[in-house]
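Each ligand, and each atom within it, is numbered from 1 in the order the structure gives.
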Amino acid sequence: MSEMKFAGIMKQSLVDYPGKVAAVLFTRGCNFCCPFCHNAHLVIKPHNPPPALEMQEILTFLRKHSGFLDAVVVSGGEPTLYPGLPEAFREFKALGYFTKIDTNGTNPTMLKQMLDEGLLDYVAMDVKAPLEFKKYANTVGSLTSGEFFNVRNSINLLRQVTVRAEFRTTVVPSLHSEDDIVEIARYLKGSKIYTLQQFNPSVTLDAGFGNVIPYSRDQMQEIAQRCREYIEEIKTVNL
Ligand code: SF4
């Protein structure tokens, strides 16, 4: 059995895997430090972390609810930091679940291994900024050249897969101009799905970002419309 441990579980979600009822598992820790991160509690090392959820516990839950749940989504933090992740997905697949991962794209080797093995039905990758090192580093807080190379490799990998692959950007006015988002869409040209997520200032890793006013719904729609020149399906997710 995989030795994966999870930081939390949402037992039922209707929005994390479109068209399916999913359980969402969260991993702790991230190699990025995005100031706008909405999952700060998973990124910052807590003084007294709650007890981790063991695989045994997760599998018991998934077996019990297999008649009701369709899918397992693993989100973070950054799940691919855990070497035991592929084994955990083997176990979800053995129970007959559809699977999805949310990732920042810094581990294309693990993604490829999991895709080649048929362990992933759906990959959602964050693209944080236009693909220029300085802009990307500024947006994610901390970035090595190796991580940047890996992000670009993951994009190339996901462009070619047959499973559902979605790119996403949280649009933060103090970090992204409208042209920046269109620039990302141009880079992703030919991809099937690009989702623009309206920034949510209610919880942020950097408290200063709590004062940033999100783009309005109309502005988000305008940006989305400009991106449609490059990508088949542009979705916007508003607060
Ligand atoms: S937004 Fe995602 S990639 Fe950025 S710090 Fe939070 S969990 Fe990590």
Side-chain angles (χ1 to χ4, degrees), residues 4-10 13 15-17 24-46 49-50 52-53 73-83 85 100-111 120 122-155 157-158 165-176 180-181 184 187-188 194-210 212 214-215 236-239:
M4 265 309 284
K5 289 186 172 67
F6 293 91
I9 181 169
M10 190 193 302
S13 165
V15 296
D16 285 85
Y17 196 128
V24 186
L25 301 169
F26 298 94
T27 59
R28 189 175 296 289
C30 189
N31 46 345
F32 284 169
C33 199
C34 311
F36 54 87
C37 179
H38 200 58
N39 285 333
H41 63 291
L42 293 170
V43 174
I44 297 170
K45 210 173 175 186
L53 294 170
V73 175
V74 178
S75 191
E78 175 48 39
T80 64
L81 294 178
Y82 290 85
L85 191 72
K100 177 189 173 209
I101 188 170
D102 293 338
T103 178
N104 63 21
T106 48
N107 195 341
T109 306
M110 183 184 283
L111 281 182
L120 296 172
Y122 185 169
V123 182
M125 177 183 160
D126 281 356
V127 180
K128 307 284 188 182
L131 278 296
E132 295 164 31
F133 183 81
K134 269 191 177 172
K135 279 195 175 177
Y136 220 90
N138 185 44
T139 307
V140 301
S142 130
L143 180 72
T144 64
S145 53
E147 285 168 339
F148 185 57
F149 182 74
N150 284 341
V151 165
R152 293 167 66 110
N153 274 347
S154 289
I155 292 172
L157 171 69
L158 294 179
E166 171 181 350
F167 296 104
R168 301 188 303 206
T169 300
T170 300
V171 185
V172 188
S174 57
L175 294 171
H176 305 114
D180 282 335
I181 304 303
I184 297 172
Y187 187 92
L188 298 175
Y194 182 36
T195 298
L196 304 179
Q197 166 87 44
Q198 193 181 29
F199 164 63
N200 182 351
S202 65
V203 183
T204 54
L205 186 56
D206 178 335
F209 275 67
V212 175
Y215 285 121
T236 53
V237 178
N238 296 308
L239 297 175

Compute the ring centroids of F36 and F209, then answer whether they are less than 6.0 Å apart. no
Hey, are T27 and E78 close enough side-chain-wise for a donor-acceptor pair under 3.5 Å? no
Is any side-chain heavy atom of I181 closer than 4.5 Å to a side-chain heavy atom of Y194? yes
Taking the side chain as every heavy atom from C-beta outward, state whether F32 and E147 have any atom pair closer than 4.5 Å. yes
Hey, is there an N, O or S on C34 sitting under 2.8 Å from atom 8 (Fe) of ligand 1? no
K128 near ligand 1, heavy-atom distance under 4.0 Å? yes
Closest to atom 8 (Fe) of ligand 1 among protein heavy atoms sits C30 SG, 2.3 Å
Nearest neighbour in protein (non-hydrogen) for atom 6 (Fe) of ligand 1: C37 SG, 2.3 Å
Show which atoms of ligand 1 fall inside a sub-4.0 Å distance from at least one heavy-atom site of F32. 3 (S), 5 (S)
Only heavy atoms of N104, strictly under 4.0 Å: list the atoms of ligand 1 that pass. 3 (S)
Would you find a donor on one side and an acceptor on the other, under 3.5 Å apart, between the side chain of Y136 and the backbone of K128? yes
